[in-house]
2 protein chains.
Amino acid sequence: MPTTDKTREILAAALKVFARYGFKKTTMEDVAAEAGMTKSNIYFYVAGKRELYEHAIRNALIQWRDSVAEAISEKEDAVEKFRVMASMSFEYLSHQQDLRSILIMDPGIFTLSHAEDRFYEINQGAMLLIKDILLQGISEGRFYEVDVEHTTEFLFSIYIMFLIKTYVKSEGSSTFRMYEEGTALILRGLCRKDT
Amino acid sequence: MPTTDKTREILAAALKVFARYGFKKTTMEDVAAEAGMTKSNIYFYVAGKRELYEHAIRNALIQWRDSVAEAISEKEDAVEKFRVMASMSFEYLSHQQDLRSILIMDPGIFTLSHAEDRFYEINQGAMLLIKDILLQGISEGRFYEVDVEHTTEFLFSIYIMFLIKTYVKSEGSSTFRMYEEGTALILRGLCRKDT
DNA sequence: TATTTGAACAATTGAGTTATTTGTTCAAAT
DNA sequence: ATTTGAACAAATAACTCAATTGTTCAAATA
């Protein structure tokens, strides 16, 4: 299954239809109609319904991660990078209606368990963004010399937790205040001195 | 339904049987047999199967919260209280086999959503423990003047997240290291100066 | 050759039925 | 005030059957 243009069209169509009907209620004909072809032709590009679904989500998640990575790379300072990462990676979803709908219908996409994580490799990449910022901050003497591996996992877990609270469970707007207060608290715990 | 001795016996029997078979597979006759009476007599004390189940869990959760509260009250210092609360409330479950089994079979008991929380009042009490420690630490000038409400919710959410990761999802022992590293980081973010 | 299609096939699902189990009630007994 | 056995009602499990839908593939098309 090469990532050709046609494949991308199918993935986009699939994301839209899955967002509207959910995995179970979506038929391959729905996807085919949205993509402007017959359902049998879909099988020329993808292996099956479940694979199509996971592939469409995977695609969206990778775009998310990459746009955060790009935003981070525009900053020099480790503290600034941390702030951009925290806000950007959290708010990104509010602009992605389709992915959000899918998340609500399929809460298992975000899990607190590594074993259950269907998108582990992608999340590994996201954790690498955190880890690099920690390493930079430590080597520049701005952060305490924390246990980088465990702190990275800790921060990533909190991030996932907030995504679930905000976009899956749809808690009130107080979640945003909590997120700000929490990241400020943690950044204070990381930094050696206040300037 | 008065909380008489017989009621407590029934709740204890119920917790044990529900822990072994889960809610669905447990029959009222199983509970009755464990409690040494006939199933019709159970209805003299409890309103129904679902109520019995929730009541048994509620009971166990309240004991948990109260024993943490007692441990905290034995410390004077806000920082010490924080440390005791963090470790005690987290490790308590490792000694409660029945409650742990129930938690695994019924993951909805610990939720990241207030709306879905069947034990909200009990958790409100637990959050009050956090809040009081924050207030004490702030008034004594040891903690920064954080937003107490949001920080309390933030800390409690992290706590619930770790309970889920550790006891429901059964992640590896690295979760304990994460918890330690995380609480140390947060405590550093709370405290005005290192001594 | 690379794509696309319609028709056929196989697997899954949903509705409907029945028998059995189990939650709940209650009058009578202790 | 408690406890019980018998009866009833509700939920569940096992099964069937029809319809839907995922998947394959030989033939058509570009």
Side-chain angles (χ1 to χ4, degrees), chain A residues 1-60 98 101-102 104-109 118, chain B residues 1-60 98 101-102 104-109 118:
Chain A
M1 51 178 114
T3 309
T4 141
D5 280 343
K6 262 281 161 32
T7 306
R8 262 187 287 274
E9 281 176 36
I10 293 176
L11 291 181
L15 197 78
K16 187 185 266 185
V17 180
F18 281 129
R20 181 152 55 235
Y21 302 129
F23 178 78
K24 193 177 174 183
K25 283 295 183 184
T26 296
T27 70
M28 290 300 270
E29 289 208 353
D30 291 332
V31 178
E34 180 71 35
M37 53 178 74
T38 56
K39 67 170 176 174
S40 58
N41 194 34
I42 301 265
Y43 285 88
F44 185 74
Y45 296 95
V46 303
K49 186 186 179 186
R50 171 58 64 178
E51 287 76 8
L52 172 59
Y53 180 69
E54 301 289 323
H55 196 173
I57 295 173
R58 195 171 307 269
N59 215 42
D98 286 343
S101 303
I102 291 177
I104 290 171
M105 290 185 283
D106 185 357
I109 293 173
R118 290 135 65 192
Chain B
M1 54 180 112
T3 309
T4 141
D5 280 345
K6 262 279 159 44
T7 306
R8 261 187 288 274
E9 283 176 36
I10 293 176
L11 291 181
L15 197 79
K16 187 185 266 182
V17 181
F18 280 129
R20 181 152 55 235
Y21 301 129
F23 178 79
K24 193 177 175 182
K25 283 295 184 183
T26 296
T27 69
M28 290 300 269
E29 289 208 351
D30 291 333
V31 178
E34 181 70 34
M37 54 178 74
T38 56
K39 71 169 174 173
S40 57
N41 194 34
I42 300 266
Y43 284 89
F44 185 73
Y45 297 96
V46 303
K49 187 187 179 184
R50 172 58 64 177
E51 286 76 9
L52 172 59
Y53 179 68
E54 301 289 322
H55 197 173
I57 295 172
R58 195 170 306 267
N59 215 42
D98 286 343
S101 303
I102 289 177
I104 291 171
M105 289 185 283
D106 185 358
I109 293 172
R118 289 135 64 190

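Each chain gets a letter, A, B and so on, in the order its sequence line appears, and its residues count up from 1.
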S.K.: Run the side-chain hydrogen bond (donor to acceptor under 3.5 Å, both in side chains) test against B:Glu9 and tell me which residues pass, sequence neighbours left out.
M.R.: none

S.K.: Round to the nearest Å and state the distance from A:Lys6 atom NZ to C:dA2 atom P.
M.R.: 15 Å

S.K.: How many Å lie between CE on A:Met37 and C1' on D:dA30, as a whole number?
M.R.: 15 Å

S.K.: B:Asp30 has an atom CG; how far is it from atom C1' of C:dT21, in whole Å?
M.R.: 12 Å

S.K.: At under 4.0 Å between heavy atoms, how does the protein contact nucleotides 24-30 of chain C? Give one character per nucleotide, 5' to 3', with B, S or -.
M.R.: BBB----

S.K.: Respond yes when some side-chain nitrogen or oxygen of A:Tyr45 is under 4.0 Å from OP1 or OP2 of C:dT4, and no when none is.
M.R.: yes

S.K.: Could you pull out all residues at least two apart from B:Tyr53 that satisfy ring pair (Phe, Tyr, Trp, His ring centres under 6.0 Å)?
M.R.: B:Phe18, B:Phe23

S.K.: So if I take residues 15-22 of chain A and measure heavy-atom distances to DNA chain C, which residues fall below 4.0 Å?
M.R.: none

S.K.: What integer distance in Å separates A:Asp5:CG from C:dT3:P?
M.R.: 11 Å

S.K.: Return the 5'-most residue of the pair A:Glu29, B:Phe44 with respect to DNA chain D, ranking by each residue's nearest nucleotide.
M.R.: B:Phe44

S.K.: Does any pair with a residue in residues 17-31 of chain B pass side-chain hydrogen bond (donor to acceptor under 3.5 Å, both in side chains), and if so which ones, sequence neighbours excluded?
M.R.: B:Thr27-B:Asp30

S.K.: Runs of at least three consecutive Watson-Crick or G-U pairs, both distances under 3.5 Å, are what I'm after; which ones involve DNA chain C?
M.R.: C:1-30 with D:1-30

S.K.: Provide, to the nearest angstrom, the distance between the CD1 atom belonging to A:Ile10 and the C1' atom belonging to C:dT3.
M.R.: 11 Å

